[in-house]
There are 2 protein chains.
Amino acid sequence: MAGRTDTKTRILDAAEKLFAERGFSETSLRLITSKAEVNLASVNYHFGSKKELIRAVLARYLDVFMPTAATEIKRLHLAPEHASLNEIFSALIKPLLDLNKVRNGGTIIFLQLLGRGYIESQGHLRWFITTHYGQHLSTFVQAVSASAPHIPPAEMFWRLHFTLGTIVFTMASADALNEIAASDYGEHNNTEAIIRKVIPYMAAGVAVPVTSNE
Amino acid sequence: MAGRTDTKTRILDAAEKLFAERGFSETSLRLITSKAEVNLASVNYHFGSKKELIRAVLARYLDVFMPTAATEIKRLHLAPEHASLNEIFSALIKPLLDLNKVRNGGTIIFLQLLGRGYIESQGHLRWFITTHYGQHLSTFVQAVSASAPHIPPAEMFWRLHFTLGTIVFTMASADALNEIAASDYGEHNNTEAIIRKVIPYMAAGVAVPVTSNE
DNA sequence: TCTTAATTAAAACACCTGTTTAAATTAATC
DNA sequence: GATTAATTTAAACAGGTGTTTTAATTAAGA
């Protein structure tokens, strides 16, 4: 290995921030490399293509988040009583907030990347995540299902995606919403506060009894 | 007026479909005009710019949806008893499904456009909607607040945006989710079925008591 | 019908995109 | 210290973008 050994890291750091706040296709390699203060061609040299850079950015977070999240969920399973939905969702708070230790603003960056990826990539990210982290994912789904046994699997499938939409859309607009909330209600929430607001909302929605609509 | 009088309409029809399924920045004017079978320059001639075309596409739906939605909400207010959250949200079903009469697949196109707009436009759409349709919007917010008086205004602000995220993200991924649901659970849902699934979820989340998290 | 205005059409414009090339430079190995 | 490999650099490439221009065509008004 040679050269300033952190060129790859500089690119990843600059890219994830820009991707999170403006989206993948709205972020050019020239913008990334100028913010990272590296040469344009270094992206293709180190990552091969922009698409693979996007994958690398996401993987750097998923590789940290997924295992620790799954561990937390399994820890809940060991408890004598079944955990409540609120507890299960809350078990994700620590893994999420730990991403702030990995990098400044890591939590919200990760959630924003997730949202951008789901919406922009037309299913590619969904496929990538389920094939690479399917084990961890089903641990989570099983825990939720066990905690809300009155919800049939197909209905649970939809509700968990509602949940994903709730958190991901919220985080994508978090900055804008926070500004409005601050000026209209004098509130000032950080990422953790927003997560703690959204969990009861999601838990209630996931568990609400299925009714044949009037 | 002269020429094939429906050039503007042809552009709008082609644009909204492409915008909804691939996003605004991923859709080029050349793709739009080729699908619409009109000349490239006609977009700038009739709309001035791509940005104004986007606005026109959204306005064509909002101008139909917003008034009828507000009318439905007001009708609920006239009832002797306060409407439940489920009833309020359900009051939006008819205005939404009526968009299918305006154009084939109008309902899902509108919701997808809304989601794309909120996420891609970095607050521009939010500003546009609140300034142009603020009256209708606050009618809705008031109805919801009256139906869940135990939720403080600031909390309600957040929960209604959670709700927006839920529906909008769901619709943006509706096609992909439907495919998975069909292959994994043998389900086949149309737009209305998904809307009817999501309403109880949202209503439960909006109304859940506020708790100081453990 | 003739004239004027509105619309359509083809081409070019200026700029931005991701990627590749080939030379210069830096680091590692013998 | 010489040689080899890894990395960085500047430049060019090929293609796509929204927009503008200029001329041809079509419709409308006198």
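Here is the naming used below: chain letters follow the sequence lines, and residue numbers restart at 1 for every chain.
- Residues passing the ring pair (Phe, Tyr, Trp, His ring centres under 6.0 Å) test with A/His132, sequence neighbours excluded: A/Phe128.
- Within residues 26-33 of chain B, the residues having any heavy atom under 4.0 Å from DNA chain D are, by residue number, B/Thr27, B/Ser28, B/Leu29, B/Arg30.
- For residues 87-100 of chain B, the set of pairs meeting the salt bridge (Lys or Arg N to Asp or Glu O under 4.0 Å) definition, not counting sequence neighbours, comprises B/Lys94-B/Asp98, B/Asp98-B/Lys101.
- Contact between the side-chain N/O atoms of A/Thr7 and the OP1/OP2 oxygens of D/dT8 is found at a separation under 4.0 Å.
- Among residues two or more places apart in sequence or in another chain, the side chain to side chain contact (heavy atoms under 4.5 Å, CB included) test is passed with A/Asn44 by A/Leu29.
- In this structure, B/Arg116 has no salt bridge (charged side-chain N to carboxylate O under 4.0 Å, His left out) partners at least two apart in sequence or on a different chain.
- Ion pair A/Glu72/A/Arg75 flagged as a salt bridge, since at least one NZ, NE, NH1 or NH2 atom sits closer than 4.0 Å to an Asp/Glu carboxylate oxygen.
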Just list the side-chain donor-acceptor pairs under 3.5 Å for residues 170-177 of chain B, sequence neighbours left out, or say none.
| unit_1 | atom_1 | unit_2 | atom_2 | d |
| --- | --- | --- | --- | --- |
| B/Thr170 | OG1 | B/Thr166 | O | 2.5 |
| B/Ser173 | OG | B/Phe169 | O | 2.8 |

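- Per the geometry, CG belonging to A/Asn39 stands 9 Å off P belonging to D/dT8, to the nearest Å.
- Under the side chain to side chain contact (heavy atoms under 4.5 Å, CB included) criterion, B/Ala148 pairs with B/Leu85, B/His150, B/Ile151, B/Met156, not counting sequence neighbours.
- The environment of A/Lys17 atom NZ is sparse: at most 12 non-hydrogen atoms of other residues, nucleotides or ligands sit within 6.0 angstrom.
- For B/Glu37 and C/dA9, the CD to C1' distance is 15 Å, given to the nearest whole Å.
- For A/Glu179, the salt bridge (charged side-chain N to carboxylate O under 4.0 Å, His left out) test picks out no residue, with sequence neighbours left out.
- Atom CG in B/Leu40 sits about 8 Å away from atom C1' in D/dG18, given to the nearest Å.
- The nearest whole Å value for the distance from the CZ atom in A/Phe24 to the P atom in C/dG18 is 14 Å.
- When the C1' atom of C/dA27 is taken as reference, atom CG of A/Asp6 falls 15 Å away, rounded to whole Å.
- Rounded to whole Å, the distance from CD1 on B/Ile11 to P on D/dG18 is 13 Å.
- Within residues 44-60 of chain B, the residues approached by DNA chain C to less than 4.0 Å at the level of any non-hydrogen atom are B/Tyr45, B/His46, in residue-number order.
- Scored by the salt bridge (charged side-chain N to carboxylate O under 4.0 Å, His left out) test, A/Arg60 finds A/Asp13, A/Glu16 as partners (sequence neighbours excluded).
- Direction change of the helix axis from one end of the helix from C/dT1-D/dA30 to C/dC30-D/dG1 to the other is 10°, with five pairs defining each end axis (rounded to 10°).
- Residue pairs meeting the ring pair (Phe, Tyr, Trp, His ring centres under 6.0 Å) criterion with at least one member in residues 24-61 of chain A, sequence neighbours excluded, are A/Phe19-A/Phe24, A/Tyr61-A/Phe110.
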